[in-house]
Number of protein chains: 2
Amino acid sequence: MRRDIFQAIADPTRRAIIALIAVQAMTPNAIAEHFDSTRQAVSKHLKILTECELIKQEHQGREIYYQLEIEKMKEIDKWLEQFRQIWESRFQQLDQLLATIQKK
Amino acid sequence: MRRDIFQAIADPTRRAIIALIAVQAMTPNAIAEHFDSTRQAVSKHLKILTECELIKQEHQGREIYYQLEIEKMKEIDKWLEQFRQIWESRFQQLDQLLATIQKK
DNA sequence: TGTATGTGCAACTGGTTGGTTTCTCAAAAT
DNA sequence: ATTTTGAGAAACCAACCAGTTGCACATACA
């Protein structure tokens with residue numbers, strides 16, 4: 001059972017859930033109302049997201065509020081870092097090229 | 001057949017391939033040498049990556065060099081943008097809190 | 001021309017995944 | 001005390017996925 005962030009955000013429904021609870025913590029029922037699938041299906045997604053620590057629970061009576069662990073999202077950002085260096089250097093190269101053209 | 005960037009980067013082998021050819025364009029055989037799986041398996045990954053335009057081919061005789069489409073990687077960065085706003089505002093809140101404590 | 005090499009494609013396979021339905025359990029409400 | 005409500009867990013299923021082996025085809029080389 002592979003369970004990492006990249007696999008977690010691969011599913012569009014899960015990405016939608018993440019975006020939803022990023023705004024404010026919500027219960028499974030409230031989340032499920034935004035989708036066509038059943039609450040149980042949403043619950044499964046929440047379980048996966050919880051397992052890779054992208055979200056956390058907050059019990060309040062019999063209700064459970066799910067909240068985004070924004071810190072964990074930074075791990076994706078961290079992975080992107082290596083490529084950001086490339087696209088920034090490409091941009092710099094283009095910049096230098098444009099400067100050279102202007103000089104002529 | 002769902003084929004988007006997020007599903008493409010969900011697989012660890014594909015992420016490794018991306019990181020590999022980010023440095024320099026490579027042929028399928030050369031890429032496959034870096035992994036335990038067969039060339040055909042790598043070829044399948046390359047097909048998926050090509051389909052969602054994360055990489056592009058460059059034919060050279062009978063060899064095919066695969067190259068990263070760095071621009072496409074920015075789409076992940078773009079999706080992260082909405083969360084970056086959140087974690088930056090959280091940081092700002094913490095900053096203000098620390099400033100308030102110091103004043104006391 | 002015949003052979004070796006680089007590559008993609010098709011068929012098959014076991015494991016995973018996303019979904020459903022059914023069940024259980026605890027907390028609220030009546 | 002009984003019923004309603006919110007939620008997770010288990011069993012099941014169709015679809016998908018990552019890998020394999022085998023094959024086809026083009027290019028390079030002898």
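Predicted model, so just to flag it, every value in this text is computed and none were measured. Excluded from the calculations below are hydrogen atoms, water molecules and symmetry mates; all remaining heavy atoms, backbone and side chain alike, are included.
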Would you list the atom pairs, donor with acceptor, under 3.5 Å between side chains in residues 68-82 of chain A and any protein atom, with sequence neighbours excluded?
| residue | atom | partner | partner atom | Å |
| --- | --- | --- | --- | --- |
| Glu71(A) | OE2 | Lys74(A) | NZ | 3.2 |
| Lys72(A) | NZ | Glu75(A) | OE2 | 3.3 |
| Asp77(A) | OD1 | Arg84(A) | NH2 | 3.0 |
| Asp77(A) | OD1 | Arg84(B) | NH2 | 2.6 |
| Glu81(A) | OE1 | Arg84(A) | NH1 | 2.7 |
| Gln82(A) | NE2 | Trp79(A) | O | 3.2 |

What's the shortest heavy-atom distance between Asp4(B) and Ala10(A), and which atoms? OD2-O, 4.5 Å

Considering non-hydrogen atoms only, spot the tightest contact between Val23(A) and Ala19(A) and give its length. CG2-O, 3.7 Å

Which value, rounded to the nearest 0.5 Å, describes the distance between Ile5(A) atom CD1 and Gln7(A) atom CD? 11.5 Å

Starting at the 5' end of DNA chain C and moving along, which residue's nearest nucleotide shows up first, Gln60(A) or Ser37(A)? Ser37(A)

Return the value, rounded to whole Å, for the distance between atom [atom1] of [X] and atom [atom2] of [N].
| X | N | atom1 | atom2 | answer |
| --- | --- | --- | --- | --- |
| Leu49(B) | dT7(C) | CG | P | 16 Å |
| His59(B) | dG8(C) | NE2 | C1' | 10 Å |
| Ile48(B) | dC16(D) | CD1 | C1' | 11 Å |

Residue-phosphate contact under 4.0 Å: His45(B) side-chain N/O, dG19(D) OP1/OP2: yes

Below the 4.0 Å mark, does dT16(C) have OP1 or OP2 next to a side-chain nitrogen or oxygen of Gln7(A)? no

Every protein N/O lying under 3.5 Å from an N/O of nucleotides 7-12 of chain D:
| residue | atom | partner | partner atom | Å |
| --- | --- | --- | --- | --- |
| dA7(D) | OP1 | Ile64(A) | N | 3.3 |
| dA7(D) | OP2 | Asn29(A) | N | 3.1 |
| dA7(D) | OP2 | Asn29(A) | ND2 | 2.9 |
| dA7(D) | N7 | Arg39(A) | NH2 | 3.0 |
| dG8(D) | OP1 | Tyr66(A) | OH | 2.3 |
| dG8(D) | OP2 | Ser43(A) | OG | 2.7 |
| dG8(D) | N7 | Arg39(A) | NH1 | 3.2 |
| dG8(D) | O6 | Arg39(A) | NH2 | 3.3 |

Residues 30-48 of chain A side chain polar contacts: donor-acceptor under 3.5 Å, at least two apart:
| residue | atom | partner | partner atom | Å |
| --- | --- | --- | --- | --- |
| His34(A) | ND1 | Ala30(A) | O | 3.1 |
| Thr38(A) | OG1 | Ala41(A) | N | 3.3 |
| His45(A) | ND1 | Arg14(A) | NH1 | 3.1 |

Pair up each side-chain donor or acceptor in residues 54-61 of chain B with any protein partner under 3.5 Å, not counting sequence neighbours, and list the distances.
| residue | atom | partner | partner atom | Å |
| --- | --- | --- | --- | --- |
| Gln57(B) | OE1 | His59(B) | NE2 | 3.1 |
| Gln57(B) | NE2 | Tyr66(B) | OH | 3.0 |

